[in-house]
Asks: 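I'd like to ask some things about the structure below.
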Amino acid sequence: MSIELPIASGGGATHLDGVIKVAILAVGGQGGGVLTNWIESLARAEGYSAQATSVAGVAQRTGATIYYIEMAPASVPTPVFSLAPAQGDIDVMIAAEMMEAGRAIMRGFVTPDRTTLIASTHRALAVSEKMVPGDGMADAAEVRAAAETAARQLVMADMEQAAVGVGSVISASLFGALAGSGALPFKRAAFEEAIRAGGKGVEASLRAFAAGYDLAQGGKEAPAAAASTPAEAAKPAGSAGKLRAYGALLDRINALPAAVQELALPGLRKVVDFQDIAYGAEYLDRLEGILGRDSADRGYVLSREAAKYIANAMAYDDVIRVADLKTRASRFDRIEDQVGSADKLMTLTDYLHPRAEEIAGLLPAGLGARIEASPVWMKRLDRLFNKGRRIRTDRFRGFALLYVMGGLRGWRRKSRRHALEQAHLDDWLNRAIGYLPSSYDMAVEVLRCRRLIKGYSDTHTRGLSKFDRVLDGARLVETRDDGPEWVARLREAALQDEKGEALDGALKTIRSFI
Amino acid sequence: MAERSFKAEVEHLRKGAGTSFTGEGILAITKALLENGVGYVGGYQGAPISHLMDVLADAEDLLGELGVRYEANASEAAAAAMLAASVHYPIRGAVTFKGSVGVNVASDALANLASSGVTGGALVVVGEDYGEGSSIMQERSYAFAMKSQFWLLDPRPNLPSIVKSVGDGFGLSEASNTPVMLMVRIRSCHVTGTFECRENQRPDLTVRDALANPQRDFSRVVLPPMSYQHEHDKIDNRWPAAEKYILDNGLNERFGPKEGKVGLICLGGMYNSVIRALQRLGLADLSGNTDVPLYVMNVTYPLVQSDLLDFCEDKDAVLMIEEGQPEFIEQQLGAMLYKAGSSTKLEGKGTFPKAGEYTGQVMKDGIDDFLRTYAAHLLPGQVLAPNEPAPEIPDLSQTVPIRPPGFCTGCPERPIFASMKLVEQELGKHQISADIGCHLFAALPPFEIGGQTMGYGLGPASNAAFDGGGEKRAISILGDGGFWHNGLSSSIGNMVFNKSDSVAIIVDNYYSAATGGQDIPSSRAKNPSKATNNPITKALEGAGVKWIRQIDRTYDVTQMRATIREALTTDYDGPKVIVASSECMLNRQRREKPQRNAAIKDGTRVEVPRFGVDEDICTGDHACIRLSGCPSLSLKKLDDPLRDDPVAHIDQTCVGCGNCGEVADAAILCPSFYEARVVHNPTGFERWTAGLRNRMISWLQNRRAARRLTFSTDLSEGAA
């Protein structure tokens, strides 16, 4: 893509003596219809005959849909246009989302001999990707690699961001990218005229058009939102005494191998933030204990995993943590920023639903255990507390309620929940360390199983049960050479679906060969 | 209020002779109806002709000026029955519906209409197609044309041809006293183009005039012995008259050289893809001038035997290009050639795949294959032996997820199915029967509710075998559109009469939403020309349902779940019907958004809700998504090395319906969800109290921050 584009001659992908075929693959609600109208009216205004088709209906309702435009110069008398795109016969393919670009390639609409592919790299996740309990997001890198092979000319950038950033929608930035790609034999001004002729939201559309145009012309993408600053730069704030004590912990971190530090620092921050500096010291005690049995030959994989998962296990999700996080000033700022209420007022309602278990978990360890063991008492607690609560955190009363709960941090270590979590943590760590020194990889894999424990209430219970079943499975294969691989496989299976059907299948397989 | 307004475009329908019209196929059809002096129009919405109904509805003023009666019929059967006006009166009538589901519903009326025969031209515009975007492609309307013997037009898919076919259809109908079906394919309905206009014509006889002079003719009634006479009339008179009209007026077309060893025969609707394939094979130019003789059937039924035999004469082989199965035309053509003792070889299915759509590639391969066998000399060398192999494209089939349509953001049906899923978690799996409508999307993940769909308004009826009840009750779904279409009698009446011990849930979103938001009898909007605001519950009571629960806010998942649970567990053993009502969000947003924006501009106090997820509280289990599937509830990868899985995230497209918060509460999922309402133009008092509150809250926040270590960024945003 050269900056000085000989626009009159087009990008070369098109057949100027013949029909130009443009397909648009979009997800419902992305404005594919508007983009189609612009392209069609642009072609007509430039003296071309043009025809557009679409399948309405699906477009509104979030499905993937194709718009198709054909155009021919006025020199062609009464051209016969096709109503649907054909494989290997597309000059310009516009994909309004990354996986839709993949779908276009899959359907044969992008070919190296002729197709200019203009694709937005942002993702609109499909339901099948979102509902996986683990990480079900499709691999965009594969699509990018395929696009690089399949397309004759490639324009790939985050067109969604380019449009939203200037207060418009992706159809406009894609139209700009189409102009910038030079794939159509029309001047930039003609494209802009088509937007003006459309008459709706012209100024915003033109801004997004310009952004898309620049991206296609090889301009830079806006810098990624999250500029990564080194962790060390973010020093905490607090009283001198606390900072001194924290500094002592940082010294211990600095004594760790670099590979471990990378995770131990965020781990330490997480547990200190969860409880206090003493808790941070406990974290480092545990971590150093494991490091002592680790070795540089293995790249400290065990300690790295320990640094990560011990922190997650210690900073468990209890009522106190939730209340604490919900009442922080940084949270209020973040939400105000997200909803754009800077110069307006904002109300804030939190959806909470405590159960008897949460209340029992707050009680002193002994009492809590006795109450949890008593169905009568649990029922009583349920009657008193088990109710969906809408807390107006922006109002003083609601805020104060959560604020007081969040302030129970000092009490936390005496609570029933803490005792449970500590016991679980110790069991798990001991179990993992038990595999040392003979089976280092088993120890690593067992540590990683901590990933399965997440969520609240039923989800949390289900996570715990999956964790237990995976560790039971681990016991079955612990003496085998491929034991660690099986544990990894079990863990991945457990993350595939909610009920753990894939996990059951994997366990069945294991039982079939032992 | 329909999803799409054609108010602006409808003005083009007034154009007179000497002007040209540029726009979509459906508008062209409407204009053609007016130019041909139509006396009454009607139909039932459904893709791809929903917009035709919307255009007609938006054109009601113009129709009125011309003395044309417009009726939004209750069903396709009602629409087809309306054509009865053309039986005795010389009035042209046109109705429209989706094929082939429409002809199925309308079959009774169509059969009787075809038997009686018509005096005025009667036209049924059916939207039908194979392939993407067509939901009902498992059958062809062609079989109906054959069995009832009405004629079927399938014009070439460009605006002048489509417009011409409307006039041809009326002419053919009148010349042969037979109703005519005009088939338009899904992409032809939305194809854009230009045609030359003629003046609109008032009908010679309006329906009002006809009412003043009632006609009846005993011989037209479908009763023996007259129906036997109709049978003969069809074969002896109407059919030959139709063939003659088609020939005399050149309704079918031939292209390419007169002579040739081979020929192609295609349906009008497939003409453009045939030409494209020929273009790609180097055998046709951009304007459609072809080197291969081509017979285009703009009338696909009846076949004009003499004309077809003439085309096939002296040819070694012809290729019948007919999408879909069974291959009705190919069978007829084969019999014709055989009986005529022809030596011309007939190819069709076999060269083409028997099932599935004829995409560009299939078309090109099929014609290529045929020509290689019978006329290889025609093909250019480059096609016969391409220089380069076809490019190797990486396989992404394992990577790219499917993306079927689903509930829109804020859809009021989502909480209904979330509630059903929650009830299933408590009471176990139930027999569930679905219906036609947006709610059928609940059959897809993440809900996976509903195992079958038998037809519009037939949800409860298709659970009839389970009406006797048992250990668990059967549940059926019915939309408000389906309820008024067929459901009240076929499903609800059936339940009442058979003392059904099962549960029906009526999804009332105030519109026929799936077809584009048209009004129906229970719509809450005021419609100047239709009677709305007829509550479903009243109809249920009238039909004899005793156990009725009306829910006015489906988003209340706790109540929704309790009601469904009650219906499934109550001692009452008669039919239990839940009417779950909340407005279609697509329509609601279209209505409210402009009002809201105007109010904000005017300085009126407006609250705009939006939901969010606290990303440091979300643990990335995605249980909320498995009870939602909302497009605005998505995932976000945090820049936190301690986190493995992406967390839930609500983007700016959220409309604040509250489903996610309600579900999180009802299912006790997690405390991550919050609702933030931006208050535009707050009152002075509000500002003052908010300021006071904020100071108190900030003081507390600062107090706590001072007693701990505070990290500069949220931990969730990482130690990044």
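Protein chains get the first letters and strands the later ones, always in sequence-line order, with residue 1 at the start of each. This one's a predicted model, so the numbers in the text were calculated from it and none came from an experiment.
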Asks: Looking at CD1 of Ile402(B) and CZ of Arg103(A), how far apart are the two atoms once the value is rounded to the nearest 0.5 Å?
Replies: 8.5 Å
Asks: Begin with the C-alpha distance, continue with both residues' side-chain angles, and end with the deciding distance and a verdict on side-chain contact (heavy atoms from CB on, under 4.5 Å) for Phe396(A) and Leu692(B).
Replies: CA-CA 10 Å; Phe396(A) 188 73; Leu692(B) 194 65; over 6 Å; no
Asks: Applying the side chain to side chain contact (heavy atoms under 4.5 Å, CB included) test to Leu125(A), which of Leu633(B), Leu635(B), Ile625(B) qualifies?
Replies: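 Answer after filtering Leu633(B), Leu635(B), Ile625(B): Leu635(B).
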Asks: Would you say Arg610(B)'s side chain and Gln338(A)'s backbone share a donor-acceptor pair under 3.5 angstrom?
Replies: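 Flag set: sc Arg610(B) to bb Gln338(A) pair under 3.5 Å.
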Asks: What's the spacing between Met346(A) CE and Glu607(B) CD if we round to 0.5 Å?
Replies: 12.0 Å
Asks: Could you measure the distance from the OG1 atom of Thr327(A) to the CD1 atom of Ile697(B)? Nearest 0.5 Å is fine.
Replies: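 Going from the OG1 atom of Thr327(A) to the CD1 atom of Ile697(B) covers 10.0 Å.
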Asks: Give, as side chain, backbone, both or neither, the part of Glu70(A) having an atom under 4.5 angstrom from any heavy atom of chain B.
Replies: side chain
Asks: Do Asp458(A) and Ile668(B) have side-chain heavy atoms sitting under 4.5 Å apart?
Replies: no
Asks: What part of Asp350(A) is in contact with chain B, defined as an atom under 4.5 angstrom from a non-hydrogen atom: side chain, backbone, both or neither?
Replies: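 Contact with chain B is through both the backbone and side chain of Asp350(A).
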Asks: Measuring heavy-atom distances to chain B, does Arg321(A) have an atom under 4.5 Å in its side chain, in its backbone, in both, or in neither?
Replies: side chain
Asks: Could you tell me which of Ala277(B), Gly661(B), Pro157(B) has the largest number of non-hydrogen atom pairs under 4.5 Å with chain A?
Replies: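 With the most close heavy-atom pairs to chain A, the winner is Gly661(B).
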Asks: With a 4.5 angstrom heavy-atom cut-off, is it the side chain or the backbone of Thr149(A) that approaches chain B, or both, or neither?
Replies: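 For Thr149(A), the contact with chain B is made by the side chain alone.
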Asks: Apply salt bridge (Lys or Arg N to Asp or Glu O under 4.0 Å) to Asp616(B) and Arg328(A), showing your working.
Replies: CA-CA 12 Å; Asp616(B) 36 13; Arg328(A) 292 187 185 192; over 6 Å; no
Asks: When rounded to the nearest 0.5 angstrom, what distance separates CZ in Arg280(B) from CG in Asp89(A)?
Replies: 4.0 Å
Asks: Would you mind reporting whether Arg276(B) and Val19(A) have side-chain heavy atoms less than 4.5 Å apart?
Replies: yes
Asks: Is there a side-chain contact (heavy atoms from CB on, under 4.5 Å) between Val679(B) and Lys344(A) once you walk through the steps?
Replies: CA-CA 6 Å; Val679(B) 184; Lys344(A) 303 157 195 105; 5.8 Å; no
Asks: Sort Ile453(A) into side chain, backbone, both or neither according to what part of it lies under 4.5 angstrom from a heavy atom of chain B.
Replies: neither
Asks: Among the options Met696(B), Gln361(B), Arg708(B), pick out the one with the most heavy-atom pairs lying under 4.5 Å from chain A.
Replies: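 Between Met696(B), Gln361(B), Arg708(B), the count favours Arg708(B).
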Asks: If you define the side chain from C-beta out and look only at heavy atoms, does anything of Pro646(B) sit under 4.5 Å from Met137(A)?
Replies: yes
Asks: If I measure from the heavy atoms of chain B, does Ile391(A) come under 4.5 Å with its side chain, its backbone, both, or neither?
Replies: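 Contact with chain B is absent: no heavy atom of Ile391(A) under 4.5 Å.
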Asks: Run the side-chain contact (heavy atoms from CB on, under 4.5 Å) check on His622(B) and Lys130(A) step by step: do they pass?
Replies: CA-CA 7 Å; His622(B) 317 148; Lys130(A) 296 194 285 190; over 6 Å; no
Asks: Do the non-hydrogen side-chain atoms of Ile617(B) and Arg331(A) ever get within less than 4.5 Å of each other?
Replies: no
Asks: Quick one: which of Pro133(A), Ala329(A), Gly455(A) has the most heavy-atom pairs under 4.5 Å with chain B, could you say?
Replies: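 Between Pro133(A), Ala329(A), Gly455(A), the count favours Pro133(A).
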Asks: Look up atom CG in Asp395(B) and atom CD1 in Ile105(A), then write down how far apart they are to the nearest 0.5 Å.
Replies: 11.5 Å
Asks: Show your reasoning for whether side chain to side chain donor-acceptor pair (under 3.5 Å) applies to Glu40(A) and Thr192(B).
Replies: CA-CA 9 Å; Glu40(A) 194 189 0; Thr192(B) 55; 2.4 Å; yes
Asks: What residue in Ala138(A), Ala150(A), Gly406(A), Gly134(A) has the most heavy-atom pairs under 4.5 Å with chain B?
Replies: Gly134(A)
Asks: Most heavy-atom pairs under 4.5 angstrom with chain B, which of Leu83(A), Leu348(A), Thr459(A)?
Replies: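 Top count of heavy-atom pairs under 4.5 Å with chain B: Leu83(A).
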Asks: With a 4.5 Å cut-off on heavy-atom pairs, point out which of Val191(B), Thr689(B), Ile275(B) contacts chain A the most.
Replies: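 Ranked by heavy-atom pairs under 4.5 Å with chain A, first place is Val191(B).
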Asks: Please flag which part of Cys624(B) lies under 4.5 Å from any non-hydrogen atom of chain A: side chain, backbone, both or neither.
Replies: neither
Asks: Less than 4.0 angstrom from a charged side-chain N to a carboxylate O is my criterion; do Asp644(B) and Arg448(A) meet it?
Replies: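 No, no charged N to carboxylate O under 4.0 Å.
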Asks: Please tell me if the side chains of Leu669(B) and Ser457(A) come closer than 4.5 Å, counting only heavy atoms from C-beta onward.
Replies: no
Asks: Is the closest basic N to carboxylate O distance between Asp135(A) and Lys637(B) below 4.0 Å?
Replies: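 Between Lys637(B) and Asp135(A) there is a salt bridge, with a charged N closer than 4.0 Å to a carboxylate O.
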Asks: With Thr53(A) as reference, evaluate Glu24(B), Arg187(B), Arg185(B) under the side chain to side chain donor-acceptor pair (under 3.5 Å) test and give the passing residue.
Replies: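 It is Arg187(B); the other options fail the test.
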Asks: So, taking the atom named CE in Met131(A) and the one named CZ in Phe447(B), what distance separates them when rounded to the nearest 0.5 Å?
Replies: 10.0 Å
Asks: Evaluate side-chain contact (heavy atoms from CB on, under 4.5 Å) for Glu142(A) paired with Gln398(B), printing each intermediate quantity in order.
Replies: CA-CA 10 Å; Glu142(A) 271 181 48; Gln398(B) 298 304 308; over 6 Å; no
Asks: Within the side chain of Asn312(A), is there an N or O that forms a donor-acceptor pair under 3.5 Å with the backbone of Leu642(B)?
Replies: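 Yes, because the side chain of Asn312(A) sits within donor-acceptor range (under 3.5 Å) of the backbone of Leu642(B).
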Asks: What residue in Ser50(B), Gly360(B), Pro394(B) has the most heavy-atom pairs under 4.5 Å with chain A?
Replies: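 Among the listed options, the one with the most contacts to chain A is Pro394(B).
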Asks: Heavy-atom distance under 4.5 Å to chain B: side chain of Ser128(A), backbone, both or neither?
Replies: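 Side chain only.
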Asks: Salt bridge or not for Lys454(A) and Asp645(B), using N-O below 4.0 Å?
Replies: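 Looking at Lys454(A) and Asp645(B), the cut-off is met.
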Asks: Should Glu100(A) and Arg403(B) count as side-chain neighbours, where that means a heavy-atom distance under 4.5 Å?
Replies: yes
Asks: In plain terms, say whether Arg390(A) and Glu675(B) are close enough for a salt bridge, that is, a side-chain N and a carboxylate O under 4.0 Å apart.
Replies: no
Asks: Are Glu498(A) and Asp621(B) side-chain neighbours, meaning at least one heavy-atom pair lies under 4.5 Å?
Replies: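 No, too far: nothing below the 4.5 Å cut-off.
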Asks: Answer whether the closest heavy-atom distance between the side chains of Phe399(A) and Gln701(B) falls below 4.5 Å.
Replies: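 Of all side-chain heavy-atom pairs linking Gln701(B) with Phe399(A), at least one is under 4.5 Å.
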Asks: In terms of heavy-atom pairs under 4.5 Å with chain A, which of Gly629(B), Ser628(B), Gly620(B) leads?
Replies: Gly620(B)
Asks: Between chain B and each of Thr78(A), Leu352(A), Asn386(A), count heavy-atom pairs under 4.5 Å; write down the option with the most.
Replies: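 The answer is Thr78(A).
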Asks: Just checking, Arg703(B) and Tyr403(A): is the charged tip under 6.0 Å from the six-membered ring centre and within 45° of the axis?
Replies: no
Asks: What option among Ala311(A), Gly388(A), Ala86(A), Ala146(A) has the most heavy-atom pairs under 4.5 Å with chain B?
Replies: Ala146(A)
